[in-house]
Amino acid sequence: MTSAPQLPKNDSGMPAPTRSQTKDGGSSLGTFGVKSGLAQMLKGGVIMDVVNAEQARIAEEAGACAVMALERVPADIRAEGGVARMSDPKLIKEIVDAVTIPVMAKVRIGHFVEAQILQSIGIDYIDESEVLTPADDEHHINKHAFKVPFVCGARNLGEALRRISEGAAFIRTKGEAGTGNVVEAVRHQRSVAAEIRKASVMTEEELYAYAKDIQAPYHLLKETARLKRLPVVNFAAGGIATPADAALMMQLGCDGVFVGSGIFHSGDPAKRARAIVQAVTHYNNAKILAEVSEDLGAPMVGLTIDDKLKGGRLAARGY
Ligand SMILES: O=C(CO)[C@H](O)[C@H](O)COP(=O)(O)O
C-alpha cells in the first residue's frame with residue numbers, strides 16, 4: 001500500500017480528534033493525505049511525554065492535545081544511558097486506556113518491526129525518534145508502508161523534506177531533548193524557517209540546485225517554496241521547559257510544541273502543564289504569559305549543551 005506523497009489540502013482548524021475517532025491506527029485509508037490531515041488537527045496544541053496512566057490523566061486534564069507514551073522521559077534516558085528501545089506494549093496500552101486524547105509512542109530510527117508492533121496495538125501516531133537508540137545507521141523506516149501516521153524530527157529543511165519523502169506526516173524540530181535548554185529548539189526552528197524563506201524567492205533553476213545542496217527531493221522543496229511553510233504540521237520539541245519557552249517557539253512559527261522532561265521533572269507538573277497549554281494558546285499575549293508563569297514551583301534543572309553533555313547530542317542521530 002505504498003503511495004506517492006500527496007500534500008495536505010488545507011489547514012482544517014478543527015479540534016484535536018479523540019482517540020476513539022482514530023482507533024483504527026490513526027487513519028482508515030492510510031494515504032499520505034489522510035495521515036497528514038489528521039496531524040493538522042493537533043495544531044495549536046501541546047503534546048506531553050508521559051510514563052504512566054496517572055501522568056497521562058494529568059496531561060489530559062491540563063489540556064494536552066495528545067500524549068507520548070514512553071518508559072522514561074528524555075532527561076532520564078540521557079542520565080541513565082544504555083540502549084533506549086520502544087516501550088513495553090502493556091505500558092502503552094495502560095496509557096491508551098487512561099485517556100481519550102490521541103496517544104503517540106516512539107520507535108527507534110529504522111526499526112520497522114517496532115513500528116509494526118505499535119500499529120498492531122492501535123497507537124494513533126508513531127514517533128521515529130532520535131531520543132531512542134537508532135537501530136539502523138543508514139535507513140529510516142519506509143513510513144508509506146504504514147496506515148498509522150508518523151512524526152519525525154529534523155534540524156533543518158533538507159532533513160525535514162527527506163523524512164516527508166519517506167512518508168512522515170508530521171515534523172517536529174529536534175531541539176536537544178532532555179536538557180531543559182531551549183537553545184537547540186530555537187536553532188532548528190530558525191534554520192527551517194530561514195531555508196524556507198530563501199527557497200521561496202528562488203527561480204526554478206535555483207530550486208534544482210538548492211534541492212541538491214540540501215539533499216531534499218525537488219518536488220517537495222518546490223511545494224514548500226510555494227506554500228512558504230513545510231507541507232505538513234511542524235511542532236517544536238527538545239528542551240522546552242517553561243511557558244515562555246513554549247510561547248517563544250510559537251512566535252518563531254511552530255504549529256505547536258512537544259514537552260517531555262520539562263513538566264514531569266518540575267516541582268508542580270500539573271500546574272506547569274496547564275501553564276504551558278495556556279502559553280501556547282496565548283503565545284502572543286505577554287500579559288497572559290506573565291500570569292501563567294507565576295508561582296509554578298521549581299523548573300527542571302537545565303543542562304549546558306557542550307562537548308561534556310551527558311548522553312551526547314541526540315539531535316545528531318538520523319540522516
Ligand atoms: O522526542 C520527543 C518528541 O518526539 C520528546 O517528546 C521531546 O523531544 C521531549 O524533549 P524534552 O524532554 O526535552 O521536552
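Atoms within a ligand are numbered from 1 in the order they appear, just like the ligands themselves.
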> Is ligand 1 less than 4.0 angstrom away from at least one heavy atom of V73?
Replying inline: no

> Minimum heavy-atom separation for L309 to E176, with atom names?
Replying inline: CD2-CG, 4.0 Å

> So Y218 and Y208, would you call those rings parallel, tilted or perpendicular, with 30° and 60° as cut-offs?
Replying inline: parallel

> Which residue owns the protein heavy atom closest to atom 1 (O) of ligand 1, what's the atom, and how far is it?
Replying inline: K106 NZ, 2.5 Å

> Nearest protein heavy atom to atom 14 (O) of ligand 1, by residue and atom, and its distance?
Replying inline: G260 N, 2.8 Å

> Numbering the atoms of ligand 1 from 1, which are under 4.0 Å from a heavy atom of G238?
Replying inline: 8 (O), 10 (O), 13 (O)

>> Can you tell me how the ring of F32 sits relative to the ring of H144, calling it parallel under 30°, perpendicular over 60° and tilted otherwise?
In response: tilted

> V259 heavy atoms, cut-off 4.0 Å: which ligand 1 atoms fall inside?
Replying inline: 14 (O)

> Identify the closest protein heavy atom to atom 4 (O) of ligand 1: which residue and atom is it, and at what distance?
Replying inline: D127 OD2, 2.3 Å

> Do you know which two heavy atoms are closest between G239 and D245, and how far apart they sit?
Replying inline: O-OD2, 3.8 Å

> If you count the atoms of ligand 1 from 1 in the order shown, which ones are under 4.0 Å from a heavy atom of A237?
Replying inline: 8 (O)

>> Checking contacts here: is it the side chain or the backbone of M104 that comes within 4.0 Å of ligand 1, counting heavy atoms only? Could be both or neither.
In response: neither

> side-chain hydrogen bond (donor to acceptor under 3.5 Å, both in side chains): which pairs involve residues 191-201, sequence neighbours left out?
Replying inline: none

> Is a side-chain N or O of K143 found less than 3.5 angstrom from the main chain of A168, in a donor-acceptor match?
Replying inline: no

> Near P74, which atoms of ligand 1 are under 4.0 Å from a heavy atom of that residue?
Replying inline: 9 (C), 10 (O), 12 (O)

